[in-house]
Amino acid sequence: MRKNIFCVMNLVHLIKSAIQQAVFALYQKQLSVDELPINETKPEFTGDYTLVTFGLSKLLQKKPDEIAHELGNYLVANDALFTEMEVIKGFLNLSIKDSFLLEFLATHFQQSNYGNSELGDKKIMVEYSSPNTNKPLHFGHLRNIFLGHAVSAILKNVGHEVIKVNLINDRGIHICKSMIAWQLFANKQTPTDAHVKGDHFVGDYYVKFNDEYKSQMATLMAEGMPEDEAAKKAPIMLAAQDMLRQWEAGDADTLALWKTMNDWVYAGFEVSYQKLGITFDRYYYESNTYLSGKSIVEKALKNNLLFQKEDHSVWIDLSDAGLDQKLLLRGDGTSVYMTQDIGTAILKYLDYHMDQSVYVIGDEQNYHMQVLKLILQKMQEPCADGIQHLSYGMVELPSGKMKSREGTVVDADDMVDEMIAIAKKNTEDLGKVDGFTSEELQQLYQTLGLGALKFYLLRVDPKKKMIFNPEESIDFHGFTGPFVQYSHARICSILRKASIESLPAELSLSDITLSSIEKNLLKLLAQYPTTIYQAAKEMNPSIVCNVVYQVAKEFNGFLVDHSVLKASDESVKNMRLQLCLLSKQVIAHGLNLLGIAAPERM
RNA sequence: GGUCCCGUAGUUCAAUGGAUAGAACGAAAGUUUCCUAAACUUUAGAUACAAGUUCGAUUCUUGUCGGGACUACCA
């Protein structure tokens, strides 16, 4: 009977409902489970879970101590879940029966989808990566990409339908800058001629543009022109702006060059995405969506939701929401960033009618996203309420922000290659290359290097900005991806040595006593699906990093004090093998959600 | 100026209002005839400051100090 309940409920929930029933039986009060604070018992006390009774004191008109004693005695006497209790001040420490945890283990150790749930029922779009097409991906983009990919996997895992979207910002002044510089300096060279990856090739011309722009400004300023005027009148800038106008006018040559250079970039991005193991279900291109935003704004203007100034520019007044006025169309009728985003949001909704639309975008755009949602709400667009900004903090260097102008930007491709090289070096230094073919080794280095990188970027709460410390990120010890991967490989090694085909699922429950470390590991594993559900609710992959690390750490500790294959008797050995199997399943499952592979050997 | 976010060991990160604030790296010292030592064990080390709310505050409120983001007819 417990077994069935366990499939749909978790351990803490079971404890809460047991307490709920006990409260009703003793005091005839119906409490909601949210009114029952359950914590894990601190290691220095005996017990597994603790009920804090101070809050109940008022509700039940009794002293915390009395409540704790009465509830504890009742639970131990009447509920099969508990074996003993202890009261210290107002804290009721409850111990869970070993047989309960053993039964849980026997039920789930072979479940290959353990960790999945079906609680989610929404259709959710997740937009991430969303690069500009004028330069290659840098380290900051990696946080975005890994976050989006992991959040998508986590949401899907708890039962939501997920659509992964990449919105390519393929038009605008930025790409025109690269195009102008290419026309001026490239001598018609292509990435193939130059043996350079397409996105880097185009990015190099973006840099060339800025160099030339700076030197032209310097020339103008030397002739006595003020800086702001020089910034506007530098010939190469005027040329880029002219090219943007040509593009919007549909000039055939401009469009052809634009398409060619974007294709170079896409080919480069594709290589990077593939290496990173990142995929999308759907690509949107701003060149296709920016015009629809304009017509939507014009329609809203007719409906008097917006107003126009004397120069014909179109604005929305958000002062009733505590914000100011926001421009939606320039005086000359062209779109701004916000206009495009309005169009894209509506188009996406027409395509998918999703319940929720998650934007993985840095926190410097908090205001922008707030305004976008507000505008769409004012326009009463059905997509508006589902818009959710998954805001993440910037990645900074120990020396401060990455600045492209100062050349402190860490390139994504370089970073990946470096991590893989370090994985290779570490493996070779440890002499762990025997028994692998050279292809397998290449695969392993990639698995470990990417594992380290992804884990490093995902282990911090997305909301918080994080410091990228090059020396620390390449560490393969401690709270890192390779540590977790190593634990997985060790488990696999044990399982290879045991012939596990004939592992009996049924145990004679009565004659096994769990050690405290076995019990801790089991509690962690039992809570795992709930932990994942929490990660989904908060869209926070760092929770997954933490739990797989805890399982790995706990497992390593277990392994030091307990022999699996040489256990004292057969039933203990079987139980420990089950523990190995479930731990392996949870580690691999969690890593998979993070986009990290779990190697069988390393 | 206005709006918002953030201040936790030397460093990077944890902690639904709960017990003596957890890890990791770094530092110091140990563990290998035994399932992978990329492991494990031990030691030292922190809530910016000041009030308030209450049985109880890293968490909530206010103020001070310090850091950051946004506040473009850029994207």
Side-chain angles (χ1 to χ4, degrees), chain A residues 34 37-39 41-45 50 52-55 57-58 64 88-91 93 132 134 169 171-175 286 309 311 313-315 322-324 326-338 340-341 362-368 370-371 391 393-394 396 398 400-401 423 426-427 429-430 432 448 452 456 459-461 463-469 471-473 475-480 482-487 489-498 534 542-543 545-546 549-550 552-553 555-567 576 580 601-602:
Chain A
D34 301 329
I38 298 285
N39 305 318
T41 303
K42 297 258 174 189
E44 56 267 34
F45 302 103
T50 298
V52 184
T53 57
F54 296 105
S57 181
K58 275 179 200 143
I88 295 172
K89 290 187 276 180
F91 298 93
N93 299 330
N132 289 356
N134 61 323
N169 188 11
R171 54 144 247 126
I173 192 72
H174 51 88
I175 180 69
E286 295 214 326
K309 293 193 174 172
D311 62 356
S313 58
V314 178
W315 297 72
L323 304 174
D324 50 9
K326 194 79 190 169
L327 177 89
L328 295 182
L329 281 180
R330 295 192 186 98
D332 62 5
T334 55
S335 318
V336 291
Y337 183 39
M338 186 63 78
Q340 297 181 35
D341 277 1
D363 63 7
E364 81 272 11
Q365 294 197 33
N366 285 353
Y367 180 72
H368 176 82
Q370 189 189 355
V371 171
S391 168
M394 293 290 100
E396 295 177 12
K401 283 192 75 173
N426 286 353
T427 305
D429 287 353
L430 288 166
K432 298 200 174 193
L448 298 179
Y456 184 81
R459 67 184 199 177
V460 179
D461 184 335
K463 289 192 292 292
K464 299 189 176 173
K465 71 179 178 198
M466 62 176 291
I467 310 284
F468 165 63
N469 184 330
E471 276 157 37
E472 189 188 311
S473 71
D475 199 334
F476 284 17
H477 305 268
F479 187 27
T480 66
F483 173 91
V484 179
Q485 290 172 316
Y486 176 67
S487 307
R490 283 183 80 184
I491 299 174
C492 291
S493 171
I494 294 172
L495 294 174
R496 271 195 303 273
K497 292 188 173 157
Q534 190 196 344
S542 76
I543 294 173
C545 290
N546 273 292
Y549 172 69
Q550 275 175 41
K553 175 127 186 81
F555 189 87
N556 287 337
F558 157 76
L559 224 44
V560 168
D561 293 332
H562 303 72
S563 181
V564 177
L565 300 177
K566 294 179 185 166
R576 288 184 185 159
C580 286
R601 291 187 296 155
M602 64 183 274

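No hydrogens, no waters, no symmetry mates; every other heavy atom, side chains included, goes into these values. A note on names: the letters A, B, ... follow the listed sequences, proteins ahead of strands, and every chain is numbered from 1.
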Distance, rounded to the nearest Å, where [X] contributes [atom1] and [N] contributes [atom2]:
X        : N     : atom1 : atom2 : answer
A:Ile175 : B:C74 : CD1   : P     : 19 Å
A:Gln365 : B:U71 : CD    : C1'   : 14 Å
A:Asn366 : B:C6  : CG    : P     : 11 Å
A:Asp363 : B:U71 : CG    : P     : 12 Å
A:Lys42  : B:G18 : NZ    : C1'   : 8 Å
A:Asn132 : B:A75 : CG    : P     : 11 Å
A:Leu328 : B:A72 : CG    : C1'   : 14 Å
A:Tyr337 : B:A72 : OH    : P     : 15 Å

Please report the distance separating the [atom1] of [N] from the corresponding atom of [M], rounded so that it comes out in whole Å.
N     : M     : atom1 : answer
B:A15 : B:U58 : P     : 15 Å
B:C4  : B:U20 : C1'   : 36 Å
B:U62 : B:C6  : P     : 13 Å
B:U32 : B:U41 : C1'   : 13 Å
B:U59 : B:G18 : C1'   : 11 Å
B:U8  : B:A14 : C1'   : 10 Å
B:A48 : B:U42 : C1'   : 32 Å
B:G7  : B:G63 : C1'   : 16 Å

Counterpart residues, ring-ring contact (aromatic ring centres under 6.0 Å, His included), relative to A:Tyr337 (two or more places apart):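 Once residues adjacent in sequence are excluded, the partners of A:Tyr337 under the ring-ring contact (aromatic ring centres under 6.0 Å, His included) criterion are A:His368.
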Residues A:Tyr486, A:Leu448; criterion side chain to side chain contact (heavy atoms under 4.5 Å, CB included); working and verdict: CA-CA 9 Å; A:Tyr486 176 67; A:Leu448 298 179; over 6 Å; no
Name of the residue among A:Tyr456, A:Tyr549, A:Phe476 meeting ring-ring contact (aromatic ring centres under 6.0 Å, His included) with A:Phe483: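 Result for ring-ring contact (aromatic ring centres under 6.0 Å, His included) with A:Phe483: A:Tyr549.
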Just call it for [X]: base, sugar-phosphate, or nothing, with non-hydrogen atoms closer than 4.0 Å on any strand.
X        : answer
A:Asp429 : nothing
A:Phe45  : base
A:Gly172 : nothing
A:Pro64  : nothing

Check against side chain to side chain contact (heavy atoms under 4.5 Å, CB included), A:Thr53 and A:Phe91: CA-CA 6 Å; A:Thr53 57; A:Phe91 298 93; over 6 Å; no
Results of salt bridge (charged side-chain N to carboxylate O under 4.0 Å, His left out) for A:Lys463 - residues two or more places apart only: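 In terms of salt bridge (charged side-chain N to carboxylate O under 4.0 Å, His left out), with neighbours along the sequence ignored, A:Lys463 is linked to A:Asp461.
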Residue whose closest nucleotide on RNA chain B lies nearer the 5' end, A:Glu286 versus A:Leu323: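 It is A:Leu323 whose nearest nucleotide is closer to the 5' end.
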Comparing A:Val336 and A:Ile38 on RNA chain B - which has the more 5′ nearest nucleotide: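 Closest to the 5' end, via its nearest nucleotide, is A:Ile38.
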Straight-line distance of A:Arg496 CZ to A:Arg601 CZ, nearest 0.5 Å: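 Atom-to-atom, A:Arg496:CZ and A:Arg601:CZ are 6.0 Å apart.
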Contact pattern, 5' to 3', of nucleotides 31-39 of chain B - B, S or - by protein heavy atom under 4.0 Å: ----BBSBS
Heavy-atom protein contacts under 4.0 Å, nucleotides 54-59 of chain B, coded B base, S sugar-phosphate only, - none: -B----
Closest approach of [X] and [Y], non-hydrogen atoms and distance?
X        : Y        : answer
A:Leu329 : A:Ser335 : CD2-CA, 4.0 Å
A:Glu364 : A:Met394 : OE1-CE, 2.9 Å
A:Leu565 : A:Ala498 : CD2-CB, 3.4 Å
A:Leu327 : A:Trp315 : N-CE3, 3.4 Å
A:Thr480 : A:Asp475 : CG2-O, 3.3 Å
A:Cys580 : A:Phe555 : SG-CZ, 3.7 Å

List, with names and distances, any nitrogen or oxygen atoms from the protein found under 3.5 Å away from nitrogen or oxygen atoms belonging to nucleotides 12-15 of chain B.
{"residue": "B:U12", "atom": "O4'", "partner": "A:Glu472", "partner atom": "OE1", "Å": "3.4"}
{"residue": "B:U12", "atom": "O2'", "partner": "A:Glu472", "partner atom": "OE2", "Å": "3.4"}
{"residue": "B:C13", "atom": "OP1", "partner": "A:Ile467", "partner atom": "N", "Å": "2.8"}
{"residue": "B:A14", "atom": "OP1", "partner": "A:Asp461", "partner atom": "N", "Å": "2.8"}
{"residue": "B:A14", "atom": "OP2", "partner": "A:Lys464", "partner atom": "NZ", "Å": "3.3"}

Pairing string, 5' to 3', for RNA chain B - Watson-Crick or wobble contacts under 3.5 Å, brackets [ ] where pairs cross, | to another strand: (((((((..((((....[...)))).(((((.......)))))....(((((..]....))))))))))))....
Side chain of A:Val52 - closest among B:C74, B:A19, B:G18: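 Of B:C74, B:A19, B:G18, B:G18 is nearest to the side chain of A:Val52.
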Any donor-acceptor N/O pair, A:Thr427 side chain to A:Ala423 backbone, under 3.5 Å: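 Side chain of A:Thr427 to backbone of A:Ala423: a pair is present.
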Under 3.5 Å donor-acceptor, A:Arg576 side chain and A:Ser563 backbone: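 Judged by distance alone, yes, a pair lies under 3.5 Å.
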Side-chain donor/acceptor of A:Thr50 to base of B:A19, under 3.5 Å: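 A donor-acceptor contact between them is present.
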Chi angles and distances behind the side chain to side chain contact (heavy atoms under 4.5 Å, CB included) call for A:Arg459, A:Asn546: CA-CA 7 Å; A:Arg459 67 184 199 177; A:Asn546 273 292; over 6 Å; no
CA sep, side-chain torsions, deciding dist, call: A:Leu323, A:Tyr367, side chain to side chain contact (heavy atoms under 4.5 Å, CB included): CA-CA 10 Å; A:Leu323 304 174; A:Tyr367 180 72; 3.7 Å; yes
